[in-house]
Amino acid sequence: VQLQASGGGLVQPGGSLRLSCVASGFNLEDYAIGWYRQAPGKQRSWVSCVSSTDSATYYSITVKGRFTTSRNNAENTVYLQMNSLKREDTALYYCAASGRTHSFSTWYQKADEFEYWGQGTQVTVSS
């Protein structure tokens with residue numbers, strides 16, 4: 001079971017990037033997929049989540065309206081489209097998967113609730 005995040009890079013403020021999270025060894029459609037990020041000197045923080053059951057999406061207040069997460073089950077891939085990027089979006093971005101039942105409605109905001117993690121992909125927003 002592996003997750004591979006990619007698509008990071010250097011972009012100017014106001015620009016866009018699309019991150020990909022590809023799964024091998026399991027079907028992503030059976031899992032909720034979360035995106036997290038960690039900036040230098042800061043704790044890992046939750047960015048977004050797409051559910052497994054109905055592909056409902058959830059976003060942190062810091063990215064809502066700018067970022068969009070979506071699934072392509074045929075490609076076993078989840079995307080994070082990031083628009084109107086800001087310098088404060090600079091971080092290492094991770095995707096994570098969870099296939100189990102959770103006991104509270106906002107479980108996806110807690111990193112410990114995800115069983116599988118990919119390696120990070122660096123996003124740098126700078127002029």
Mind jotting down which residue pairs meet the side-chain hydrogen bond (donor to acceptor under 3.5 Å, both in side chains) criterion with at least one end in residues 23-34? Sequence neighbours excluded, please.
none

Closest approach of Ala32 to Ser52 (non-hydrogen atoms, all atoms of both residues)
N-CB, 3.6 Å

Treating Ile, Leu, Val, Met, Phe, Trp and Tyr as nodes and any side-chain heavy-atom pair under 4.5 angstrom as an edge, say whether Leu92 and Trp117 lie in one connected cluster.
yes

Same hydrophobic cluster for Val63 and Leu17, using side-chain heavy-atom links shorter than 4.5 Å among ILVMFWY?
yes

When clusters are formed by joining ILVMFWY residues with side-chain heavy atoms under 4.5 Å apart, either directly or through shared neighbours, do Tyr94 and Val123 land in the same one?
no

Within the 3.5 Å criterion, strictly below it, is a donor on Tyr36 or Arg44 matched to an acceptor on the partner's side chain?
no

Can you give me the closest heavy-atom contact between Ala91 and Arg37, atom names plus distance?
CB-CB, 3.8 Å

Looking at every heavy atom in both Ser51 and Tyr58, which two are closest together, and how far apart are they?
CB-CE1, 4.5 Å

Heavy-atom distance under 4.5 Å between the side chains of Leu3 and Leu28, does that happen here?
yes

Assigning hydrophobic clusters by single linkage (Ile, Leu, Val, Met, Phe, Trp, Tyr; side-chain heavy-atom cutoff under 4.5 Å), is Leu19 placed with Val11?
yes

Would you confirm whether Gln4, through its side chain, and Cys21, through its main-chain N or O, come within 3.5 Å as a donor-acceptor pair?
no

Might you point out which heavy atoms bring Glu115 and Ser98 nearest each other, and give the distance in Å?
OE1-OG, 2.6 Å

When you group the ILVMFWY residues by side-chain heavy-atom contacts below 4.5 Å and let the links chain together, are Val47 and Trp107 in the same group?
no

Residues that Ala74 engages under side chain to side chain contact (heavy atoms under 4.5 Å, CB included), provided they are two or more places apart:
Asn72

Under 3.5 Å, which donor-acceptor pairs do the side chains of residues 78-88 form with other protein atoms, sequence neighbours left out?
from: Tyr79; atom 1: OH; to: Glu75; atom 2: OE1; distance (Å): 2.7
from: Gln81; atom 1: NE2; to: Asn83; atom 2: OD1; distance (Å): 2.9
from: Asn83; atom 1: OD1; to: Ser16; atom 2: OG; distance (Å): 2.9
from: Arg87; atom 1: NH2; to: Ser127; atom 2: OG; distance (Å): 2.9

Reported OG-to-CD distance for the pair Ser60 and Gln109, which is rounded to 0.5 angstrom:
8.5 Å

Can you say whether the rings of Tyr108 and Trp46 are parallel (under 30°), tilted (30 to 60°) or perpendicular (over 60°)?
tilted

More than 12 heavy atoms from other groups under 6.0 Å of CD on Gln119:
yes

Give the minimum heavy-atom separation between Phe26 and Asn76, together with the two atoms involved.
O-ND2, 2.9 Å

Take Thr77 and Arg71 through the test side chain to side chain contact (heavy atoms under 4.5 Å, CB included) and record every step on the way to the result.
CA-CA 6 Å; Thr77 302; Arg71 293 180 177 273; over 6 Å; no

Would you kindly say whether Ser126 and Thr124 are connected by a side-chain donor-acceptor distance under 3.5 Å?
no

Taking the side chain as everything from C-beta on, heavy atoms only, tell me whether Ile33 gets closer than 4.5 Å to Phe114.
no

Tightest non-hydrogen contact, residues Glu113 and His102, listed as OE1-ND1, 2.7 Å

State whether the side chain of Tyr59 and the backbone N or O of Thr69 hold a donor-acceptor pair below 3.5 Å, judged by distance alone.
yes

Donor-acceptor check, side chain of Thr90 to backbone of Val125, threshold 3.5 angstrom: yes or no?
yes

